[in-house]
Amino acid sequence: MTDTTLVWFRRDLRSYDHAALYEALTRARRVHCAFIFDREILDPLQERGLVADRRVHFIHRSLVELDAELRRRGGGLIVRYGYARTEIPALAAELGADTVFVNHDYEPAATSRDADVAAALAADGRQLLSFKDGVIFEKSELLTGAGKPYSVFTPYKNAWMRAILAVADPVNAHPSLQAYLSPVDDARLAPAPQGMPSLEDMGFVPAPLTELGIEPGMSGAQALLEGFLDRIADYDVARNFPSRPGTSHMSVHLRFGTVSVRALVRRALEAMHNGTGGSGAAVWLSELIWRDFYFMILHHHPHVAERAFKPEYDRIAWESGQQAEDRFDAWCRGATGYPLVDAAMRQLNETGFMHNRLRMVTASFLIKDLGIDYRWGERYFAERLNDFDLAANNGGWQWAASSGCDAQPYFRIFNPVTQSERFDPDGSFIRRWLPQLSRLSARDIHAPWLAPQTRLREAGIVLGANYPEPVVMHDEARERTQQRYLVIRKTA
Ligand SMILES: Cc1cc2nc3c(=O)[nH]c(=O)nc-3n(C[C@H](O)[C@H](O)[C@H](O)COP(=O)(O)OP(=O)(O)OC[C@H]3O[C@@H](n4cnc5c(N)ncnc54)[C@H](O)[C@@H]3O)c2cc1C
């Protein structure tokens, strides 16, 4: 038993079912809790003028709830603004904490930061202890028969399910699914001084959250989850239609750990078992397994943060120069002339969320219609998505670029018009985000440039004036992409 410890919260902003907090409470007599608003992450946002960042606001609001919950239990959260690499060792020394407890973070920048913090602590006779918390299986817990990490999803998923179902009653007995319930009384939680830096103190301003339906904190996650569980049985179908409330919207909560992934997996398994999950619960569970999969890929292949998973794809010659930059800009603004793509980008720009189907469509459009390096789009999403997560975002972009593990084959290219007809058949998603197109019929709304002038006039559309002409023609772009990707075949 150690004497005094510090739990350093990062992407795990909850007070329940928290591996590091549980371990600290089990092993120490006095447990301090802290969060650092890390300038290594915040300064670049400010430098790019992103001072109304929804994520910073989400974190701030979630910390207020976490602090209140810890105070209710006799503790509290120390919140500081600075560089975590130096703040944490300094705080540990100030508090006399011999051990700092954290949960694993698999991103390369975070592992480098944690290594520095561990070294600084060690130099001062202290230690950093890290635990699995944000995933069900991690690192090398699941390996192929040959003892290698998986690089294809379906066998990984099968192994994941086998490992879970190897226990007779997984929900109640599988070690990777059990909640970390505080084993001792909360008297070990050390009180914290009141107060935390305001958004303004850190150079940020509040961003719209609740107006967008984003309720932060553990309570926000719980309310969202309960609402989704009423709909989970239809998930497999409804999840494809961006105008329907088909998906869970749990991603931002998973990103910041305001919900426990173990709790989500248990609820999915229960719904599958008791029949309330219909045909949707198993598909939803599969999405959570994708999440584990991409964390595992990032851990074993950290180069994907910079380069293609499959090295031969680094040889692709992407479009460059002014035209590419102008087209990229049109894509970012939602002004490509392809309504589904544009509506999706407007949704992203205005809310920080984009539906999964549309992430696939817009990513494919950028890469395979505009011929632009997937990393440009990956960076743009990273800047804008509330749920931005390096592992999942990179996995999604490399899937669309065909350069990733288990990616879409390069010759399979989404048609943005047929995707629109299939997944937004009456155009209601497009109408919501592009009101200038709202008077177009369901027949014309997917490709306005194909509509006769009379019908465009009746709908109040002047192409090139109040809605753009298409920036490229899909069929021609498709041909160019097939050529561009030939280099893969020649070098493979
Ligand atoms: C180009 C691209 C970029 C993406 N970037 C991100 C990102 O930065 N952060 C992120 O969390 N997801 C990302 N995704 C995956 C997916 O689009 C989102 O997780 C999903 O849209 C979030 O909505 P939801 O919570 O309603 O999902 P649901 O459909 O309800 O799924 C439940 C949960 O499963 C996980 N999940 C679902 N699909 C995937 C997937 N394909 N890969 C990994 N995890 C998944 C998420 O944690 C999600 O919250 C990306 C996908 C693509 C194609």
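Just follow the structure's listing: the first ligand is 1, and inside any ligand the first atom is 1.
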Enquirer: Quick test: of every protein heavy atom, which one is nearest to atom 31 (O) of ligand 1, and how far off is it to 0.1 Å?
Expert: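 Protein heavy atom at minimum distance: W284 NE1, 3.6 Å.
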Enquirer: Which is it for Y294 and ligand 1 at heavy atoms under 4.0 Å: side chain, backbone, both or neither?
Expert: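 Within the 4.0 Å criterion, Y294 contacts ligand 1 through side-chain atoms alone.
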Enquirer: Scan the side chains in residues 148-159 for donor-acceptor partners under 3.5 Å anywhere in the protein, sequence neighbours excluded, and list what turns up.
Expert:
| residue | atom | partner | partner atom | Å |
| --- | --- | --- | --- | --- |
| Y150 | OH | L143 | O | 3.3 |
| K157 | NZ | S286 | OG | 3.2 |
| N158 | ND2 | T154 | O | 3.4 |

Enquirer: Does the distance from a Lys or Arg side-chain N to an Asp or Glu carboxylate O, for D424 and R432, drop under 4.0 Å?
Expert: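 Salt bridge: no.
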Enquirer: Of the backbone atoms (N, CA, C, O) and the side-chain heavy atoms from C-beta on, which set of L254 has a member under 4.0 Å from an atom of ligand 1: side chain, backbone, both, or neither?
Expert: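 For L254, the contact with ligand 1 is made by the side chain alone.
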Enquirer: Report the C-alpha separation of H18 and F9 in whole Å, then their side-chain angles, then the decisive distance to 0.1 Å, and conclude whether the ring pair (Phe, Tyr, Trp, His ring centres under 6.0 Å) test is met.
Expert: CA-CA 10 Å; H18 187 288; F9 288 77; 4.6 Å; yes
Enquirer: Decide whether a cation-pi geometry holds between R478 and F411; the criteria are a distance under 6.0 Å from NZ or CZ to the six-membered ring centre and an angle within 45° of the ring axis.
Expert: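 Cation-pi check for R478 and F411: fails.
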Enquirer: Backbone N or O of S438 within a donor-acceptor pair of the R431 side chain at under 3.5 Å?
Expert: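 Yes, the answer is positive, given that a donor and an acceptor are paired below the 3.5 Å cut-off.
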Enquirer: Indicate yes or no for a side-chain donor-acceptor contact from Y338 to the backbone of H474 under 3.5 Å, with no hydrogens or angles considered.
Expert: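 Confirmed, Y338 side chain pairs with H474 backbone.
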Enquirer: So which heavy atom in the protein is nearest atom 13 (C) of ligand 1, and how far is it from that ligand atom?
Expert: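 So the nearest neighbour among protein heavy atoms is R359 NH1, 3.3 Å.
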Enquirer: May I ask you to identify, for F293, whether its side chain, its backbone, both or neither come under 4.0 Å of ligand 1 on a heavy-atom basis?
Expert: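 Neither; nothing of F293 gets under 4.0 Å from ligand 1.
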Enquirer: Any idea which part of L385 is under 4.0 Å from ligand 1, heavy-atom wise: side chain, backbone, both or neither?
Expert: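 It is the side chain that gets close, since no backbone atom is under 4.0 Å.
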Enquirer: Salt bridge or not between R113 and E40? Use side-chain N to carboxylate O under 4.0 Å.
Expert: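 No, no charged N to carboxylate O under 4.0 Å.
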Enquirer: My understanding is that we take every heavy atom of each candidate and find the minimum distance to atom 30 (O) of ligand 1. Doing that for A392, S248, P242, P245, which one comes out nearest?
Expert: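 Among A392, S248, P242, P245, the closest heavy atom to atom 30 (O) of ligand 1 comes from S248.
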Enquirer: To which protein heavy atom is atom 35 (C) of ligand 1 closest, and what is the distance rounded to 0.1 Å?
Expert: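 Of every protein heavy atom, E287 O, 3.6 Å lies nearest to atom 35 (C) of ligand 1.
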Enquirer: Tell me, which protein residue and heavy-atom name are nearest atom 9 (N) of ligand 1, and how many Å apart are they?
Expert: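 Minimum-distance protein heavy atom for atom 9 (N) of ligand 1 reads D387 O, 2.9 Å.
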Enquirer: What's the verdict on salt bridge (Lys or Arg N to Asp or Glu O under 4.0 Å) for R10 and E107, showing C-alpha distance, side-chain angles and the deciding distance?
Expert: CA-CA 12 Å; R10 295 103 65 89; E107 295 191 4; over 6 Å; no
Enquirer: Heavy atom under 4.0 Å from ligand 1: found in Y235's side chain, backbone, both, or neither?
Expert: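 The answer is the side chain of Y235.
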Enquirer: State if H249 counts as touching ligand 1 under the rule of any non-hydrogen atom under 4.0 Å.
Expert: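 Yes, H249 has a heavy atom closer than 4.0 Å to ligand 1.
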Enquirer: Can you pull out the closest protein heavy atom to atom 16 (C) of ligand 1? Residue, atom name and distance to 0.1 Å, please.
Expert: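 Heavy-atom neighbour on the protein nearest atom 16 (C) of ligand 1: N356 OD1, 3.3 Å.
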